[in-house]
Amino acid sequence: LLGNQPRKRAGSNYTGEEGGLSSSALPPSHERETEEEESIMGFTVVVKRAAKKQINACCSKENLKTKLPITKWLPKYSLQALQCDLIAGLTVGLTVIPQGLAYAKIADLPPQYGLYSAFMGCFVYCFLGTAKDITLGPTAIMSLMTATFATSPIEEDATYAIVLCLITGCVQLLLGLLNLGILVNFISYPVINAFTSAAAITIGFGQVKGILGLTHIPRDFPEMVYETCKKIPETKIWDLVMGLVCLALLYVLKKLRTINWNDDLDGPGPNRCVRFCRYLIWLIGTASNAIVVISASGVAAILISQGKNNTLSITGHLKPGLPDFKPPDFSYTKDNITITASTIFSDIGAGFGIVPLLGLVELIAIGKAFARQNHYKIYPSQELIAIGFANIISCFVGSYPVTGSFSRTAVNSQSGVKTPASGIFTGVLIVLALFTLTPLFYYIPKSALSAVIIFSVIQMVDVMVVKKLWKTNKIDLIPLFITFLSCLGVGMEYGILIGIGVSMIILLYPSARPKIKVEPGGVKVVKLDQGLLFPAVEYLQECVLEANEADGKNNSVVLDCSHVSALDYTAIQGITELIVDFKSREAKLVFAGFPKNVLKHLQVADIPELTVSSTVQEGCKLLQEELTPEFSGVQHIKVEYNSRL
């Protein structure tokens, strides 16, 4: 690192290659100081070079395009793409407005917070997102998690939810910068599927109270079911009628979006008028949530104008306009009740880890699905950065945690979106709604919002997955059912953790109990079917010692290690203990077939009296030669640590 150029140090006789270094010229202490200086200088040079390389890589044009994806598609943006994005953005906006109002109910927040959470993520994702179809905003899962972890003890207070949004964004951004999107791969599909289905059932049944016009229903699923059934006699008939009519309308209107016209592929095709009518029918089906909510609000307004104020349960007053752009408050005081930052953080607790992870899972799953469908590629780490920034900036406008929405992303894709710029039009429409339509939201019946939620989440329940797993891999049914029942029984926050734990146990069990086969004969051959790491060491020792004691004899053993690709310290200690045990029993143990990289680790470990052979056959012949001296021609192979293996 320092090079071979001659160097002169003040106060010394060292002159590099020219003068050499005399032991009499410098005292030993000075010589050690000189070596330390050289080591420090060498380390400094390495650090400087590494830092310079990283800075150059971060500031490169390619990295800028990767971290700011808008620079890739904006220079090629066309008027046709603008037209497609405008239509898609407005269509998604018509979907997200009623959904946002409804999802805020799930999060135990005033309805306007659903709209606060719906617009800022659209703007941010336009600049940082890599998928043209994804739309960020409130979702059923994120709303339920917000209610689970971030419900404030003060009614209609969003302090907990906003703080959770900030920390969620920070965690997701950190994971993205560290390229830790791989963490999603450790949550298996059965666990995700069971969690999603349980969440859908919890959310859907939680809205039955809105359909029936009931109040004071607990949030935990078992108590919720009990109290709802108990209070059925208190049902408000008009709320029930409105809810059932809204559900029926949603079902009919949704069917309009999936009509198959069965056109003749070889024919001339429909004319422009027919295409326009079909598009209008599709648009009505797509905007079904908005149509149903507007229609129900009209009915409620008419009833109120006729003096029937208590006929339907309505949403009530909402705060008009945009929220103040300000950082989250980490404390809150109202009516002699003070909530401190430490209280907020301790109450949210595990939510700071679970909510970011679930948001990541939803986003990546949706992104990959639509990327495959529409033939483009997403970058998980960049998606993490995008959603992290979106949550961080959204918390400044009173948002709770957001992620990608499957239903709205599907609408966006079917609307013919071309770039992430459609999010700008969606966000603008939501902002206009906050400024102009807030007084009209007063008349929205609660039963209509409950119908929108129920119809949205019922599609998340996947029953057919049980049949698929039964046919492919029955063992996956264990984490599926355990996660599902745990989420419903002990809570969503514990259910997902239990499911991940069970899934990890199933994943790691083969490592702790590998398949070991013992072949009979004069020399017992123990075959290991996979790598040898610390969970399997004790089990392997037991199997090898059982082979040694088989048939009531003191058998020598050959351990087939051809499938061992790596060893850790525990495994090396286990090998050493086996050798000692066999020596005390006056039996022989040969390790056969170690790969070269593993042999290098064994050489460094310096295990006494380790005997290895290149193949199982050679190991058997070696032991047979020692047992029966008439066998000749095969030498005893031992590892010599002062030479190459």
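These figures come from a predicted structure and were not determined experimentally.
Looking at Glu586 and Asn554, their side chains never bring a donor and an acceptor atom within 3.5 Å of each other.
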**Request:** Show your reasoning for whether side-chain hydrogen bond (donor to acceptor under 3.5 Å, both in side chains) applies to Asn555 and Glu549.
**Result:** CA-CA 6 Å; Asn555 302 298; Glu549 299 170 353; over 6 Å; no
Which pairs would a plain distance check flag for residues 496-516, meaning a side-chain donor or acceptor within less than 3.5 Å of a matching protein atom at least two apart in sequence or in another chain?
{"residue": "Ser503", "atom": "OG", "partner": "Ser188", "partner atom": "OG", "Å": "3.1"}

Return all side-chain donor-acceptor pairs below 3.5 angstrom for residues 468-481, not counting sequence neighbours, or 'none' if the list is empty.
{"residue": "Thr472", "atom": "OG1", "partner": "Lys468", "partner atom": "O", "Å": "2.8"}
{"residue": "Asn473", "atom": "ND2", "partner": "Asp476", "partner atom": "OD2", "Å": "3.4"}
{"residue": "Lys474", "atom": "NZ", "partner": "Trp470", "partner atom": "O", "Å": "3.2"}

Please report, to 0.1 Å, the donor-acceptor pairs under 3.5 Å made by any side chain of residues 197-204, with sequence neighbours excluded.
{"residue": "Ser197", "atom": "OG", "partner": "Asn193", "partner atom": "O", "Å": "3.1"}
{"residue": "Ser197", "atom": "OG", "partner": "Asp462", "partner atom": "N", "Å": "3.4"}
{"residue": "Thr202", "atom": "OG1", "partner": "Ala198", "partner atom": "O", "Å": "2.8"}

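Residues passing the side-chain hydrogen bond (donor to acceptor under 3.5 Å, both in side chains) test with Glu538: none are found, sequence neighbours excluded. With sequence neighbours excluded, the residues that form a side-chain hydrogen bond (donor to acceptor under 3.5 Å, both in side chains) with Asp551 are Lys524. The ring-ring contact (aromatic ring centres under 6.0 Å, His included) test applied to Phe389 returns no partner, not counting sequence neighbours. When the ring-ring contact (aromatic ring centres under 6.0 Å, His included) test is applied to Phe406, the partners found at least two apart in sequence or on another chain are Phe370. Under the rule for a ring-ring contact (aromatic ring centres under 6.0 Å, His included), Phe484 has no partner lying at least two apart in sequence or in another chain. Not counting sequence neighbours, Gln617 has no partner by the side-chain hydrogen bond (donor to acceptor under 3.5 Å, both in side chains) test.
In terms of heavy atoms, Cys561 sits closest to Pro595 at O-CD, 3.9 Å. In this structure, Phe205 and Val225 approach most closely via the heavy-atom pair CE2-CA, 3.5 Å. Of all non-hydrogen atoms in Ile387 and Leu384, the two that sit nearest each other are CG2-O, 3.3 Å.
Surrounding NZ of Lys67 are more than 12 heavy atoms belonging to other residues, nucleotides or ligands, all under 6.0 Å away. The number of heavy atoms from other shown groups lying within 6.0 Å of CZ (Phe352) is above 12. Few gaps surround CG on Leu68; more than 12 heavy atoms of other groups in view lie less than 6.0 Å from it. Other residues, nucleotides and ligands place more than 12 heavy atoms under 6.0 Å from the NZ atom of Lys72. For Tyr376, the OH atom sits in a packed shell: over 12 heavy atoms of surrounding residues, nucleotides or ligands are nearer than 6.0 Å. Within 6.0 Å of the CD1 atom in Ile182, the count of heavy atoms belonging to other residues, nucleotides or ligands does not exceed 12.
The side-chain hydrogen bond (donor to acceptor under 3.5 Å, both in side chains) pairs that include a residue from residues 480-497 number zero, where partners must be two or more places apart or lie in different chains. The ring-ring contact (aromatic ring centres under 6.0 Å, His included) analysis of residues 549-586, with sequence neighbours excluded, yields no pairs. Applying the side-chain hydrogen bond (donor to acceptor under 3.5 Å, both in side chains) test to residues at least two apart or on different chains, the pairs with a partner in residues 378-388 are Tyr125-Glu383, Thr130-Glu383, Asn179-Ser381.
Proximity of Asn391 to Thr403: side-chain heavy atoms (C-beta onward) are nowhere separated by under 4.5 Å. Glu609 is not listed as a side-chain neighbour of Val580, based on a closest heavy-atom distance of 4.5 Å or more. The shortest side-chain heavy-atom distance between Thr611 and Leu589 does not fall under the 4.5 Å cut-off.
Just one of Val590, Val525, Leu540 meets the side chain to side chain contact (heavy atoms under 4.5 Å, CB included) condition when paired with Leu559; it is Leu540.
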